[in-house]
S.K.: 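Below is a structure I'd like to ask you about.
Order of appearance sets the numbers: ligands from 1, and atoms from 1 within every ligand.
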Amino acid sequence: MNIKKIFVIGAGAMGAGIAQTGITKGFDVVLNDIDMAFVERAKANMEKTFTKNVEKGKMTEEDKAAALGRLTLTTDYALAADCDLVVEAIFENYDAKQNIFKALEEIVREDCILATNTSSLSVTRIGSVLKNPARFIGLHFFNPVPVMKLLEIVVGLRTSDELVETAKEIGIALGKTPVVAKDNPGFIVNRCLVPYVNEGINILAEGVACPEDIDTGLKLGANHPMGPLELGDLIGLDIIL
Ligand code: CAA
C-alpha cells in the first residue's frame with residue numbers, strides 16, 4: 001500500500017472523524033468543506049479531543065502537535081492533486097456526490113483512489129459517472145469514527161479486485177477491522193441497524209412503551225451500547241430516513 005495523503009470531503013461528524021483518525025495514525029490529511037468555518041470548527045473539536053487524550057495519558061503533547069501538524073484545511077479541490085486517496089463524506093445525495101467525483105477526477109492523479117463514505121446509497125451508481133470506475137469504492141466508517149473499530153468496504157460492480165485488497169490495508173492502517181460487502185442497500189451493518197432503529201420508533205408510535213424504557217430495554221436486555229432511539233439520534237433521523 002502506498003497511501004500517505006488523504007483528501008477528506010465534508011467536515012461533519014463523519015468527515016471530521018475520518019480526518020482525526022487519519023492524522024492520529026500518521027497520514028497527512030487535507031480536510032475540505034464549502035466554508036472555512038466548517039473545517040476550522042472540525043479542527044477545534046479535534047484539538048479539544050486531543051487535549052483530553054493528553055490529560056488521560058493516551059497521547060503526549062508531542063503526538064498531539066504532530067497529529068495537528070499533519071492536518072491541512074481547505075475549501076479548494078485543487079489540493080487533492082497530490083493525494084493518494086479521496087474520501088467523500090457529505091450528505092446522502094446522488095447528484096451532489098456524483099458532481100464532486102466528476103470534478104475530482106479532473107484534478108487527482110490517475111492512481112488516486114476515490115471512495116465514498118455513503119451509508120447506504122449505491123456505490124456502483126455514484127461511481128458510474130467516472131471515466132475509470134474501477135478505482136472507486138465504498139469506505140464506510142462508523143460514528144464516532146475515532147472510537148468505532150469497523151471499516152465496511154463496499155464493492156461496486158466495477159470496483160477492481162486489487163482495490164478491494166488495498167482498501168483492507170487502508171482500514172488496518174487506520175486501526176480498523178475491515179469487512180467486505182457487495183453493493184446492496186444498507187450493505188451489512190445498516191441493513192441490520194436501521195430496522196433496529198425503525199422498530200424502536202414503531203414501538204414508540206404504537207404507544208407500547210416510553211422512549212426511556214425502549215432504550216433501557218435494549219441496553220440491559222440485549223447488551224446493546226445504545227437503545228434504538230438514542231442510536232437514531234446519534235446517527236440523525238434524516239440519515240435513517
Ligand atoms: N469522538 C471521539 N471519542 C469519543 C466520542 C466521540 N464522538 N464519543 C465517545 N468517545 C470516546 C470517549 O472519549 C471515551 O474514551 P476513553 O475510553 O478514552 O475515556 C470512549 O469513547 C467511551 O465513551 P464514553 O465513556 O463517553 O461513553 P460510552 O462508553 O457510553 O461510549 C459510544 C460511547 C462509543 C458512542 C457507545 O455508546 C457506542 O458504542 N454506541 C453505539 C455507537 C454505534 O452504534 N455507532 C454506529 C452508528 S451507525 C453508523 O455510524 C453508520 C451509519 O452509516 C449510519
S.K.: Between Glu40 and Lys43, is there a side-chain N and carboxylate O pair less than 4.0 Å apart?
M.R.: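 Salt bridge absent between Glu40 and Lys43.
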S.K.: Are Cys112 and Arg135 packed together at the side-chain level, in the sense that at least one heavy-atom pair is separated by less than 4.5 angstrom?
M.R.: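 Answer yes - side chains close enough.
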S.K.: Would you tabulate the polar-atom pairs, meaning N/O of ligand 1 against N/O of the protein, with distances under 3.5 Å, reported to 0.1 Å?
M.R.:
from, atom 1, to, atom 2, distance (Å)
ligand 1, 13 (O), Lys56, NZ, 3.3
ligand 1, 18 (O), Lys56, NZ, 3.3
ligand 1, 18 (O), Lys58, NZ, 2.2
ligand 1, 19 (O), Lys56, NZ, 2.9
ligand 1, 45 (N), Asn143, O, 2.8
ligand 1, 50 (O), Asn143, N, 2.9
ligand 1, 53 (O), His140, NE2, 2.6
ligand 1, 53 (O), Asn190, ND2, 2.8

S.K.: Check Glu105, Glu106, Glu110 against Lys131 for a side chain to side chain donor-acceptor pair (under 3.5 Å) and give me the one that passes.
M.R.: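 For Lys131, the side chain to side chain donor-acceptor pair (under 3.5 Å) test succeeds with only one of Glu105, Glu106, Glu110, which is Glu106.
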S.K.: Do Arg70 and Phe27 form a cation-pi contact, if we require the NZ or CZ to be under 6.0 Å from the six-membered ring centre and within 45 degrees of the ring's axis?
M.R.: no
S.K.: Hey, is Glu47 close enough to Lys64 for a salt bridge, meaning N to O under 4.0 Å?
M.R.: no
S.K.: Give a yes-or-no answer on whether the side chains of Asn132 and Arg158 include a donor-acceptor pair shorter than 3.5 Å.
M.R.: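 Distance-only check fails for Asn132 and Arg158.
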